[in-house]
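To keep things clear, I will list the structure first and then write my remarks on it.
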2 protein chains.
Amino acid sequence: MAKRVVPETARRRRRPTKQGQVLTHQLIVETALRMLREHGAAGLTARRLGLALGADASTVYRYFRGMDDLVLAIADELFGHAVEGWSPSGDWRADLRELGLRIHNAYLTHPQAAVLTASRVTGLPQEVATDEIILGILRGAGFPDADAVRIYHAFIDQSLAFSILDAATLALPPAAREADEEVWRDTYARLPATTHPHIAATAPLLVARMNDSAYPTALDMLLASASAQLRG
Amino acid sequence: MAKRVVPETARRRRRPTKQGQVLTHQLIVETALRMLREHGAAGLTARRLGLALGADASTVYRYFRGMDDLVLAIADELFGHAVEGWSPSGDWRADLRELGLRIHNAYLTHPQAAVLTASRVTGLPQEVATDEIILGILRGAGFPDADAVRIYHAFIDQSLAFSILDAATLALPPAAREADEEVWRDTYARLPATTHPHIAATAPLLVARMNDSAYPTALDMLLASASAQLRG
DNA sequence: TCCTTATGCCAACGCCATTGACGTTGATGA
DNA sequence: TCATCAACGTCAATGGCGTTGGCATAAGGA
């Protein structure tokens with residue numbers, strides 16, 4: 001075949017799809033983002049993307065080598081969304097907290113993008129820009145380079161990792177979530193204090209928190225530890 | 001159809017597969033675990049599982065409602081593996097560190113199981129047992145119940161979340177990983193200090209750490225913060 | 001002995017990502 | 001002006017996936 005290569009230069013020749021749509025990388029990424037937002041991670045498929053674009057599924061492959069390439073482009077875009085409109089306050093701890101929550105939130109609807117961002121470090125522009133910001137905050141706060149890099153790594157991976165986890169919960173249909181909650185409540189309430197004293201003692205607390213994301217806690221703990229390191 | 005219901009009572013009547021194998025829930029889970037260990041998360045499919053069992057893929061559905069049910073069973077099994085042979089040392093911090101690493105490691109080859117464990121809290125036996133152990137360590141260390149529950153939640157989700165992330169890296173074919181590493185090294189080395197001073201200053205450190213999991217760092221920071229809370 | 005039920009197999013459904021072949025277009029340069 | 005060529009659209013097909021309906025068979029229980 002004619003080697004479905006994706007050219008790097010900007011395209012100048014265009015032909016509309018059957019529905020009259022003119023495609024670009026940008027348009028495809030934006031459409032994909034909208035689909036993810038509206039239908040969740042499982043809702044983005046080549047076929048449906050093609051449909052949403054008014055084009056054949058295979059047309060997507062003229063622009064991206066495969067779905068992974070597309071998701072990678074989406075992933076980079078999300079870093080841009082995460083820091084959009086943000087500016088440093090001067091308080092490193094508050095700044096990192098804000099950025100952590102923003103990144104976590106941006107990837108919440110796009111867990112597949114989080115997986116790729118973390119596993120396939122490809123140096124895409126928005127990702128690099130975000131890295132620079134985070135490292136800048138840490139070094140500006142006075143962390144020695146080795147510590148700054150270590151904390152940066154833990155910080156960014158933790159935000160992405162929790163996004164994936166929390167996204168899975170979010171993606172469940174409400175009915176399934178309620179059913180699970182019921183089972184859980186039952187199971188934990190039924191455990192006798194003789195065999196499971198600690199669960200029995202804390203069951204109400206456990207149940208009350210079971211639907212919350214643990215990310216804010218984990219983030220705060222990471223920042224508290226970093227702060228202690230800085231002072232110590 | 002005859003409603004493919006999975007009976008809850010132990011089965012007594014058995015008919016071997018064409019290959020003479022006699023199936024049980026246990027055998028299916030064990031075979032699936034082996035496939036995950038040997039071929040990674042993407043290597044476990046209903047068809048291949050059937051093949052490995054010497055049975056038709058559809059036979060699996062006589063034992064599990066669907067793939068999710070099977071993976072849930074696997075997930076619970078993994079908690080058992082994680083704490084197998086472990087006993088508390090009396091040092092709560094060292095104990096939690098050990099358990100965190102064990103859980104992270106157990107789910108490393110089974111990220112799909114980690115996703116389900118965290119998103120569909122179903123109160124399966126091994127999971128409950130592990131929860132009891134962790135809560136016991138925290139309450140034994142002197143944490144008030146509210147803190148113990150909060151830390152427990154962050155701790156367990158952190159280990160699962162990082163498993164998913166690290167598993168994605170692990171699953172990449174070595175060639176792809178090396179190619180990515182190359183790109184990364186290039187990108188970061190090429191950034192001028194004028195536009196990206198912080199990356200430029202720490203590039204060697206960044207590159208040196210890029211393939212390591214950030215989990216141990218994040219875990220230690222979480223424990224350090226917990227310890228400070230306890231003392232404070 | 002007969003009936004029920006558990007459990008096996010097979011074939012099929014509708015989904016998925018991806019690709020090869022082919023047609024059409026617009027820009028380029030002789 | 002016009003031939004060439006790359007870009008990029010469609011279509012049809014491939015091989016995989018989870019899942020299910022239909023049917024055959026064997027093990028107990030009556």
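Proteins get letters first, then strands, A, B, ... in listed order; numbering begins at 1 in each.
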(message) Can you measure Y63(B) atom OH to dA6(C) atom P for me and round it to whole angstrom units?
(response) 12 Å

(request) Starting from P on dA27(D), measure out to CZ on R62(B) and report it in whole angstrom. (result) 17 Å

(request) Quick one: list whatever passes side-chain hydrogen bond (donor to acceptor under 3.5 Å, both in side chains) with H110(A), sequence neighbours left out. (result) none

(request) Round to the nearest Å and state the distance from D69(A) atom CG to dT19(C) atom P. (result) 11 Å

(message) With ring pair (Phe, Tyr, Trp, His ring centres under 6.0 Å) as the criterion, how do H104(B) and F162(B) come out once you've worked through the C-alpha distance, each side chain's angles and the decisive distance to 0.1 Å?
(response) CA-CA 7 Å; H104(B) 177 260; F162(B) 272 94; 7.1 Å; no

(request) Round to a whole Å and report the spacing from CZ of F64(A) to P of dG9(D). (result) 12 Å

Would you give me the side-chain donor-acceptor pairs under 3.5 Å for residues 35-52 of chain A, sequence neighbours excluded?
{"from": "T45(A)", "atom 1": "OG1", "to": "R48(A)", "atom 2": "N", "distance (Å)": "3.1"}
{"from": "R48(A)", "atom 1": "NE", "to": "G43(A)", "atom 2": "O", "distance (Å)": "3.3"}

(request) With sequence neighbours left out, write down each residue that passes side-chain hydrogen bond (donor to acceptor under 3.5 Å, both in side chains) with N211(A), or none if nothing qualifies. (result) E181(A)

(request) Return the value, rounded to whole Å, for the distance between atom CG of L51(B) and atom P of dC10(C). (result) 12 Å

(message) Walk along nucleotides 14-19 of chain D from 5' to 3' and tag each nucleotide B, S or - by protein heavy-atom contact under 4.0 Å, base first, then sugar-phosphate.
(response) ---BBB

(message) Expressed as a whole number of angstroms, how long is the span from L27(B):CG to dG8(C):P?
(response) 10 Å

(message) According to salt bridge (Lys or Arg N to Asp or Glu O under 4.0 Å), who are the partners of D157(A), at least two apart in sequence or on a separate chain?
(response) none

(request) Could you list all the side-chain hydrogen bond (donor to acceptor under 3.5 Å, both in side chains) pairs where at least one residue sits in residues 125-137 of chain B, not counting sequence neighbours? (result) Y188(A)-D131(B), D131(B)-Y152(B)

